[in-house]
Amino acid sequence: MAYWLLKSEPTTFSIEDLAKLPQKTSPWDGVRNYQARNYLKSMTVGDLAFFYYSSCKTPGIAGIVEIVKKAYPEKNQTEDPPRWFSPDVKLVQKFPSVLPLSQIKEVGSLTTMILLRKGNRLSVTPVQQKEWETIIKLCKHY
DNA sequence: GCCAACGTTGGC
DNA sequence: GCCAACGTTGGC
């Protein structure tokens, strides 16, 4: 059982978009970075991930999704063997409001997060259990 | 294999 | 819009 953080630009794919889909489930596709892809491939069914909004007015965590299908090759790929993979994710919870990045930054015990590392651009990152629990608690005050 | 140029990400 | 950071490309 592992924890992750998945970035998305809300104008491209928002948590509301996910909520509207059948079974509230969608492939997490379009990732074009090898390190991020390797993380996607290492996810297992039952893992949980934060749905993070980037490149928007209030960057932050919008909710929680669950991995419901292990990564498989993306459709419409011409490469053989396939290069890009995506797991299916299902909406677990949409937070009442986005937990802002600015708030996350203010919590001392969260400075270990890869998300907060200088120059980090990875769109898929692992999250430690302690970090996960801290953020869950933080949300309840939000 | 090196590295300059260029493209992309993403917070501010 | 700016800019730092990083990834990719492609000539040599």
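Here is how names work: the chains are called A, B, and so on, in the same order as the sequence lines, proteins then strands, and each is numbered from 1. Note that the structure is predicted; figures quoted are calculated from it, not measured.
Distances shown here put a side-chain N or O of A/Lys7 below 4.0 Å from the OP1 or OP2 atom of B/dG10. Dashed line: the shortest gap from a side-chain N or O of A/Ser54 to OP1 or OP2 of B/dG10 is under 4.0 Å. The phosphate of B/dT9 (OP1 or OP2) has no side-chain N or O of A/Tyr52 nearer than 4.0 angstrom.
Judged by the 6.0 Å and 45° rule, A/Lys41 forms no cation-pi pair with A/Tyr39.
Under the 3.5 Å distance criterion, the side-chain polar atoms of A/Ser8 are matched with a main-chain donor or acceptor of A/Phe13. In this structure, A/Arg37 contributes its side chain and A/Arg83 its backbone to a donor-acceptor pair below 3.5 Å.
With respect to A/Lys24 and A/Glu66, no salt bridge is recorded, no charged nitrogen being found less than 4.0 Å from a carboxylate O.
Nucleic acid contact for A/Tyr53: none, since no nucleic acid atom lies under 4.0 Å from a heavy atom of the residue. Residue-level contact check: A/Lys105 touches the backbone only, with heavy atoms under 4.0 Å from sugar-phosphate atoms and none from bases.
As rounded to whole Å, 16 Å separates atom C1' of B/dG10 from atom CD1 of A/Ile61. Rounded to an integer number of Å, the gap from CD of A/Glu9 to P of B/dT9 is 7 Å. For the pair A/Leu6 CG and B/dT9 P, the computed distance is 16 Å after rounding to whole Å. The CZ atom of A/Arg83 sits 14 Å away from the C1' atom of C/dG7 (whole-angstrom rounding). Atom CD in A/Gln35 sits about 7 Å away from atom P in C/dG7, given to the nearest Å.
The side-chain hydrogen bond (donor to acceptor under 3.5 Å, both in side chains) check on A/Asp47 picks up A/Trp4, A/Thr44, with sequence neighbours excluded.
Here side-chain hydrogen bond (donor to acceptor under 3.5 Å, both in side chains) pairs that include residues 106-119 of chain A, with residues two or more places apart or in two chains, are A/Thr112-A/Glu131.
Looking at residues 111-128 of chain A, you'll see A/Lys118, A/Gly119, A/Arg121 sit with a heavy atom under 4.0 Å from some atom of DNA chain C.
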